[in-house]
Amino acid sequence: EAAMNKIKEGGSALDAVEVSARVPEADPNDTSVGYGGMPDRDGFVTLDACIMDEKGNAGCVTFLQNIMHPVSVARKVMEKTPHVMLSGNGAFQFAIAQGFKKENLLTEKARLAWEEWKKKNNYTPPINEKNHDTIGSLAIDNMNNISGSCTTSGWAFKMHGRVGDSPIIGAGMYVDNEVGGACATGTGE
Ligand code: GLY
């Protein structure tokens, strides 16, 4: 709905896929993305995201902590740097320099789920849709331009430092104005 409203206002496909990813990123009840996402096995919420436009421009962040909107940081990587991907503390420092706020993303619900997981799982979490999901967005605008985004907190209770498919252009998401676009979900490994 947020993406469609953006398109109807005359926004670009790129604006639409950014805004659509930002909705679940800010939703504490969505436990696989952004704020409210399940932490890794050490209790840290670490985020991966990417964005790509119709010209083949792309930006990605991986292993980003304490920033609610990794998709918007990915867009800044695309628009403001000569690079495609920034990771970890470097991505965080870049986000702060771009005016993003440092925030605690671990909700009480996610912290309690992690405490519960620690009692039983011995650091070998099973893979299933209850501990794993991704938000992928594709849009086509009034100029017939296609853009895409993908954002996730990754595999719940993953090893610290683990990065999945979602932020990788061509794995988590790809768009091509002549052919179309696709996003992937499921187990990034
Ligand atoms: N597909 C999301 C992930 O594995 O992190």
Side-chain angles (χ1 to χ4, degrees), residues 3 17-52 58-75 77-78 84-92 94-95 103 105-107 109-111 113-114 116-118 121-139 146-176 180-189:
V17 296
E18 180 183 6
V19 90
S20 68
R22 287 174 63 96
V23 175
E25 283 180 346
D27 182 352
N29 294 316
D30 191 319
T31 56
S32 61
V33 177
Y35 178 53
M38 290 295 162
D40 65 17
R41 69 181 191 177
D42 299 324
F44 299 100
V45 179
T46 75
L47 306 175
D48 303 330
C50 69
I51 195 163
M52 184 174 186
C60 324
V61 290
T62 74
F63 193 46
L64 177 63
Q65 296 180 55
N66 297 115
I67 301 288
M68 188 168 306
H69 291 297
V71 73
S72 296
V73 184
R75 183 167 178 177
V77 172
M78 177 178 114
V84 171
M85 185 179 283
L86 290 179
S87 189
N89 191 43
F92 173 77
F94 171 72
E103 295 180 86
L105 304 181
L106 184 64
T107 58
K109 179 178 165 187
R111 193 187 65 74
W114 170 59
E116 205 47 42
W117 172 82
K118 278 197 293 185
N121 277 271
N122 198 25
Y123 301 124
T124 51
I127 306 160
N128 61 51
E129 73 274 8
K130 292 200 185 99
N131 64 21
H132 217 94
D133 204 357
T134 307
I135 302 291
S137 304
L138 298 167
I146 300 176
S147 291
S149 70
C150 194
T151 183
T152 188
S153 52
W155 186 337
F157 319 127
K158 62 197 173 185
M159 291 177 70
H160 190 58
R162 179 267 188 190
V163 172
D165 57 330
S166 301
I168 298 171
I169 297 297
M173 184 275 296
Y174 196 82
V175 296
D176 179 311
C183 297
T185 186
T187 307
E189 280 70 11

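In this chain, residues are counted from 1 in sequence order. Indexing begins at 1, ligand by ligand and atom by atom, following the structure's order.
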Practice task
Decide whether the shortest distance between a heavy atom of Lys158 and an atom of ligand 1 is less than 4.0 Å.
Solution key: no
Completion exercise
Between the OG atom in Ser149 and the CD atom in Glu25, the distance rounded to the nearest 0.5 Å is 8.0 Å
Practice task
Using distance alone, decide if ligand 1 has a nitrogen or oxygen within less than 3.5 Å of any nitrogen or oxygen in Thr152.
Solution key: no
Problem - Atoms in ligand 1 with a heavy atom of Ser166 nearer than 4.0 Å - result: 1 (N), 2 (C)
Practice task
Report yes if some N/O of Gly186 lies less than 3.5 Å from some N/O of ligand 1; otherwise report no.
Solution key: yes
Problem - Distance-only donor-acceptor check, side chains Ser32 and Asp30, under 3.5 Å - result: yes
Handout entry: Residue Gly154 vicinity, atoms of ligand 1 by number, heavy atom under 4.0 Å
Key = 5 (O)
Completion exercise
To the nearest 0.5 Å, atom CG of Leu47 lies from atom NE2 of His69 at 11.0 Å
Practice task
Give the numbers and elements of all ligand 1 atoms closer than 4.0 Å to a heavy atom of Asp165.
Solution key: 1 (N), 2 (C), 3 (C), 4 (O)
Practice task
Assess whether side-chain hydrogen bond (donor to acceptor under 3.5 Å, both in side chains) is satisfied between Ser166 and Thr152, documenting all intermediate values.
Solution key: CA-CA 7 Å; Ser166 301; Thr152 188; 4.6 Å; no
Exercise for the section: Could you label the plane-to-plane angle of the Phe63 and His160 rings as parallel, tilted or perpendicular, counting under 30° as parallel and over 60° as perpendicular? Expected result: perpendicular
Practice task
Flag Gly188 as yes when one of its N or O atoms lies below 3.5 Å from any N or O atom of ligand 1, and as no otherwise.
Solution key: yes
Handout entry: Minimum heavy-atom distance between Val33 and Ser153, given as atom pair plus value
Key = N-OG, 3.2 Å
Practice task
For Thr134, counting its heavy atoms only, list the atoms of ligand 1 lying under 4.0 Å from any of them.
Solution key: 1 (N), 2 (C)
